[in-house]
Amino acid sequence: MAKKSEKLEKSFHKIFNKPFFRDFSWAGTFGVTKDGLPYIGEHKAFKNSYFVCGFGGNGITFSVTAMEMVAFWLENRKHPLSEWFKFGR
């Protein structure tokens, strides 16, 4: 993290030509899937349950799609995107 902080400070100085003094540093981590898509749907280990598992930015991006998908399933309809987001894809 120290190396990344130093790199950001140097970038700031290059852009603004002013010194930047860091008070503290922190970092966050994200879970990601291999294909970058969320998991939305049923999981065989949990009967009568639907999952909407978005990570990082795709959690926000796909939340409206997930809402629509769950609404379809609650009406016993198949959603056309189900295959793209299912567990085990």
Side-chain angles (χ1 to χ4, degrees):
M1 189 168 62
K3 286 182 182 180
K4 288 186 178 188
S5 295
E6 289 172 20
K7 187 176 178 180
L8 285 169
E9 288 173 24
K10 287 178 183 177
S11 294
F12 180 92
H13 181 70
K14 266 187 189 176
I15 294 167
F16 297 105
N17 198 26
K18 294 182 180 185
F20 180 87
F21 301 100
R22 169 177 24 135
D23 288 332
F24 61 92
S25 299
W26 66 273
T29 58
F30 288 92
V32 295
T33 58
K34 290 180 183 179
D35 58 9
L37 295 174
Y39 290 114
I40 304 170
E42 297 176 280
H43 189 283
K44 63 183 176 182
F46 300 92
K47 294 192 184 291
N48 301 316
S49 300
Y50 296 109
F51 290 85
V52 176
C53 303
F55 305 98
N58 77 23
I60 295 167
T61 304
F62 291 104
S63 61
V64 173
T65 301
M67 174 199 62
E68 181 184 84
M69 292 172 75
V70 172
F72 267 57
W73 299 329
L74 292 174
E75 295 173 346
N76 292 316
R77 298 178 351 185
K78 182 175 165 93
H79 193 278
L81 296 176
S82 296
E83 291 297 311
W84 289 95
F85 300 120
K86 70 181 182 179
F87 286 90
R89 58 178 183 266

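In the hydrophobic clustering of this structure, Y50 groups with L37; members are Ile, Leu, Val, Met, Phe, Trp, Tyr whose side-chain heavy atoms approach within less than 4.5 Å, directly or through other members. Taken together through direct or relayed side-chain contacts under 4.5 Å among Ile, Leu, Val, Met, Phe, Trp and Tyr, F16 and F20 form part of one hydrophobic cluster. At a threshold of 4.5 Å between side-chain heavy atoms, the hydrophobic network of Ile, Leu, Val, Met, Phe, Trp and Tyr places Y39 and V52 in two separate groups. Taking hydrophobic clusters as Ile, Leu, Val, Met, Phe, Trp and Tyr residues chained together by side-chain heavy-atom distances below 4.5 Å, I15 does not share a cluster with L8.
Between E9 atom CD and E6 atom CD the span is 7.0 Å, to the nearest 0.5 Å. For the atom pair OG (S82) and CZ (R77), the distance works out to 11.0 Å, reported to the nearest 0.5 Å. Between H79 atom NE2 and F85 atom CZ the span is 8.5 Å, to the nearest 0.5 Å. Rounded to the nearest 0.5 angstrom, R22 CZ and F12 CZ are separated by 13.5 Å.
Between F87 and H43, the angle of the ring planes goes over 60°, which puts this pair in the perpendicular group of the 30/60° scheme.
Nearest heavy-atom pair, G54 versus P38, reported as atom, atom and distance to 0.1 Å: CA-CB, 3.8 Å. Shortest non-hydrogen contact noted between R89 and K86 is NH1-O, 3.3 Å. Closest non-hydrogen pair, W73 versus G41, comes out as CH2-CA, 3.4 Å.
Around atom CD1 of I60, no more than 12 heavy atoms belonging to other residues, nucleotides or ligands sit under 6.0 Å away.
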